[in-house]
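The structure appears right after this line, and notes come after that.
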Amino acid sequence: MNRYVLGNYGRFPVAFARGEGVWLWSEEGRRYLDFSSGVAVCSLGHSPQVMVEALAAQAAELIHCSNLYWVRQQAELARFVVETMMERPGKAFFCNSGAEANDGLIKLARKRAWEKYGAESGKNVVVTCRQSFHGRTLGGIAATGQEKVKVGFDPLLPGFLHMPFNDPATLREAVTEKTAAILFEPVQGEGGIHVATPEFFAEAARLRDEFDLLLMFDEVQCGAGRTGDWCGWRTVLAGSGAAVEPDAVSWAKGFAGGFPMGALWVADEHAAAMGPGTHGSTFGGTPLACAVALAVLGEIGDGGVLANVKRQESRIREAVATWDFPVLSELRGVGLMLGFVLDAQAMADVPGFAASGKTPSIFVVNAAREAGLLTVPAGETVVRWLPPLNVTDAEVDEALAVFHGVLSTLSGR
Ligand SMILES: *Cc1c(COP(=O)(O)O)cnc(C)c1O
């Protein structure tokens, strides 16, 4: 790989040959419990029957035909997004990744403001948050609130402001007549599993009304069932008394269970900004991609999967609440998007940690992998659990036992 594949990824030293449900087998034949799910992608686990069948059946009928023509599967998937997931009048657009979906949102916000207020208004600024992640395209890195994705790629796309997450007062200071949109993740994923507060949602919604801007949610990681509800923000706001709804939403990752697909939804009143010729994607919304997404989302909706997410979250929280490790300071997150926050100071006492030169998160992810459990680092001090949404009691119990064992060993017990 190092000879022929571009070296843009830091990779863990294992290659997988086969997957089934929550299990992966390496080329050497070792079995791993996969609580990374391809980073929140394999919502129903590896090679689920429903996907295998939908892929085979649709591939035999029609794989690709271009957006020059009507695409029945696109219409059916869009109806599912509008009626079942959003339950609000709107329109969907399909693409191939999360970054692309966010590029679509940014173009939508600018075009809508341009049409309504004119170019001279300068209403084209998109306000996003620090520690956010919105993808690796030029639009995505400009929107992302982390220096590390931007270094060396100047000149960046202008027109972005990054404000502290969950700070309503500074958000208000940042917004002006020139703001076309506010874009944030209801649950920040790559930034370390930070959940947006009801106060932050409420202030963003007030600013939307005062400044006639679009409120847009990046649900690429936290959407499509990961939180135990179709809409991550609704899970986050449940019980808070605040009911904030966005003007536009982006999805990808788990949306089609591992088939590469991104999507966006925009409320009907703003959809006209993206008329014929304004945007497009050769591969966006093929019959194959849409049929697979529909099968995956259908299974999530019908199979008691959303209820399972909440149930397994409670089981994990209950178990972890009884753990007492100095290296573990907190369990954060919503649904099956959970972050184990490591205590950097306590980690310094772990034998071998200082000499490893690794961040706490990578050190613990490595230890868990060696023990047979795959997890994902988020920033320097958070280890993410992103199991399939249909993970069983027994699989969760096994992951809890393995991870408990890893933290015990690191704590010298
Ligand atoms: C992963 C991610 C993206 C980027 O998705 P890609 O499919 O890698 O382009 C964007 N936003 C969020 C919140 C993500 O987690």
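Whatever order the structure lists ligands and atoms in, that order sets their numbers, starting from 1. Both backbone and side-chain heavy atoms feed into the values below; hydrogens, waters and symmetry mates do not.
Residue contacts with ligand 1 for Glu185 involve side-chain atoms from C-beta outward but no N, CA, C or O (heavy atoms, distance under 4.0 Å). Contacts between Lys253 and ligand 1 below 4.0 angstrom, taking non-hydrogen atoms only, involve the side chain exclusively.
For atom 11 (N) of ligand 1, a protein heavy-atom neighbour is present inside the 4.0 Å cut-off.
Using a 4.5 Å cut-off on side-chain heavy atoms (C-beta onward), Leu373 and Leu33 make contact.
Each of the following atoms of ligand 1 lies closer than 4.0 Å to a heavy atom of Ser97: 7 (O), 9 (O). Taking every heavy atom of Asn102 and a limit of under 4.0 angstrom, the matching atoms of ligand 1 come to 10 (C), 11 (N). For ligand 1, the atoms closer than 4.0 angstrom to any heavy atom of Gly135 are 4 (C), 10 (C). Each of the following atoms of ligand 1 lies closer than 4.0 Å to a heavy atom of Gln221: 15 (O). Taking a cut-off of under 4.0 Å to the non-hydrogen atoms of Asp218, the atoms of ligand 1 that pass are 10 (C), 11 (N), 12 (C), 13 (C). For ligand 1 and Ala99, the ligand atoms under 4.0 Å from any heavy atom of the residue are 4 (C), 5 (O), 6 (P), 9 (O).
Where the criterion is an N or O separation shorter than 3.5 Å, residue side chain and backbone included, Phe133 meets it with respect to ligand 1.
Inspection of the Glu245 and Trp233 side chains reveals an N or O donor paired with an N or O acceptor under 3.5 Å. At a cut-off of 3.5 Å, with distance as the only test, no side-chain donor of Glu299 or Asn390 sits close to an acceptor on the other residue.
Nearest heavy-atom pair across Leu105 and Ala248 is CD2-CB, 3.7 Å. Between Pro164 and Phe200, the shortest heavy-atom distance links the atoms O-CE1, 4.1 Å. Of all non-hydrogen atoms in Ala271 and Lys91, the two that sit nearest each other are CB-CG, 3.7 Å.
Remark: Arg31 pairs with no residue by the salt bridge (Lys or Arg N to Asp or Glu O under 4.0 Å) rule, at least two apart or across chains.
Asp212 has a carboxylate O that lies under 4.0 Å from a charged side-chain N of Lys116, or vice versa, which qualifies the two as a salt bridge.
The nearest protein atom to atom 7 (O) of ligand 1, hydrogens excluded, is given as Gly98 N, 2.8 Å; this is a heavy-atom distance.
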